[in-house]
Amino acid sequence: QVQLVESGGGLGQAGGSLRLACAASGRTFNNYWMGWFRQAPGKEREFVAAISRSGVSTNYADSVKGRFTISRDNAKNTWYLQMNSLKPEDTAIYYCAASSKLNPSINIFLYDYWGQGTQVTVSS
């Protein structure tokens, strides 16, 4: 059974940092693109970042570009989202996802597996 489990969420301060991790089990995800999405209250789930199978290519939403960094460790079947310079508008539930498609990027429908989400709250 495939499982994606997020960790690292919690309460952060504006200007501070948090690091999210997504640990996968049940299969190897070396051949999958990995992504992070988020959903704020009353809003649709939105793309945050994605990373290619090798980790060479990355994509970011304009709202987080320059502040967030996505990375992966294929040996550990885990990928990460380093969030710096946090803003209150970053408050949301963050979901990790895995896609078998080539460069799924922002397309939420191209992701095959999803985690349960972890809450990130940024205070001003």
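Atoms considered below: every heavy atom in the structure, side chains included; atoms not considered: hydrogens, waters and symmetry mates. We count residues from 1, following the sequence as given. Treat the numbers as computed from the prediction; the structure is a model and nothing was measured.
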> For the residue pair N59 and S105, what are the closest heavy atoms and their distance?
Replying inline: ND2-OG, 3.3 Å
>> Counting C-beta onward and ignoring hydrogens, is there a side-chain heavy-atom pair between L4 and W79 closer than 4.5 Å?
In response: yes
> Which atom pair, heavy atoms only, marks the closest approach of N74 to N30?
Replying inline: CB-OD1, 3.3 Å
Please list, one pair per line, the donor and acceptor atoms closer than 3.5 Å that link side chains of residues 81-89 to other protein atoms, with sequence neighbours excluded.
residue, atom, partner, partner atom, Å
Q82, NE2, N84, OD1, 2.9
N84, OD1, S17, OG, 2.9

> Under the 4.5 Å side-chain heavy-atom rule for ILVMFWY, direct or indirect, which residues accompany Y80?
Replying inline: none
>> Side chains of W114 and I108, heavy atoms from C-beta outward: is any pair under 4.5 Å?
In response: yes
> Quick one: disulfide (SG to SG under 2.5 Å) pairs with a partner in residues 24-66, sequence neighbours left out?
Replying inline: none
> Does F29 have any ring pair (Phe, Tyr, Trp, His ring centres under 6.0 Å) partners at least two apart in sequence or in another chain, and if so, which?
Replying inline: Y32, Y113
> Under the salt bridge (Lys or Arg N to Asp or Glu O under 4.0 Å) test, which residues partner D73, sequence neighbours left out?
Replying inline: none
> What pairs meet the disulfide (SG to SG under 2.5 Å) rule with one or both residues in residues 14-123, with sequence neighbours excluded?
Replying inline: C22-C96
> With sequence neighbours left out, what residues match K76 under salt bridge (Lys or Arg N to Asp or Glu O under 4.0 Å)?
Replying inline: none
> Looking only at heavy atoms, which two atoms of I70 and G35 are closest? And how far apart?
Replying inline: CD1-CA, 4.4 Å
Scan the side chains in residues 40-50 for donor-acceptor partners under 3.5 Å anywhere in the protein, sequence neighbours excluded, and list what turns up.
residue, atom, partner, partner atom, Å
E46, OE2, R38, NE, 2.7
E46, OE2, R38, NH2, 3.3

> W36 versus E6: any side-chain heavy-atom pair under 4.5 Å?
Replying inline: yes
>> Test of understanding: with salt bridge (Lys or Arg N to Asp or Glu O under 4.0 Å), list the residues that count as partners of R19, not counting sequence neighbours.
In response: none
> Considering residues at least two apart in sequence or located in another chain, which fulfil the side chain to side chain contact (heavy atoms under 4.5 Å, CB included) criterion with N107?
Replying inline: F109, L110
>> Other residues, nucleotides and ligands only: do more than 12 of their heavy atoms fall within 6.0 Å of CD on Q116?
In response: no
> Closest heavy-atom contact between Y60 and K65?
Replying inline: O-CE, 3.7 Å
> salt bridge (charged side-chain N to carboxylate O under 4.0 Å, His left out): which pairs involve residues 100-124, sequence neighbours left out?
Replying inline: K101-D112
> Shared ILVMFWY cluster between Y111 and Y94, side chains joined below 4.5 angstrom?
Replying inline: no
>> Which Ile, Leu, Val, Met, Phe, Trp or Tyr residues join W33 in one cluster when any pair of side-chain heavy atoms under 4.5 Å counts as a link?
In response: L102
>> To the nearest 0.5 Å, what is the distance between CD1 on I93 and CD on Q39?
In response: 7.0 Å
> If you count the non-hydrogen atoms of other residues, nucleotides and ligands that lie under 6.0 Å from CD in Q13, is the total more than 12?
Replying inline: no
> Which heavy atom in F37 sits nearest to a heavy atom in I106, and how many Å separate them?
Replying inline: CE2-O, 3.9 Å
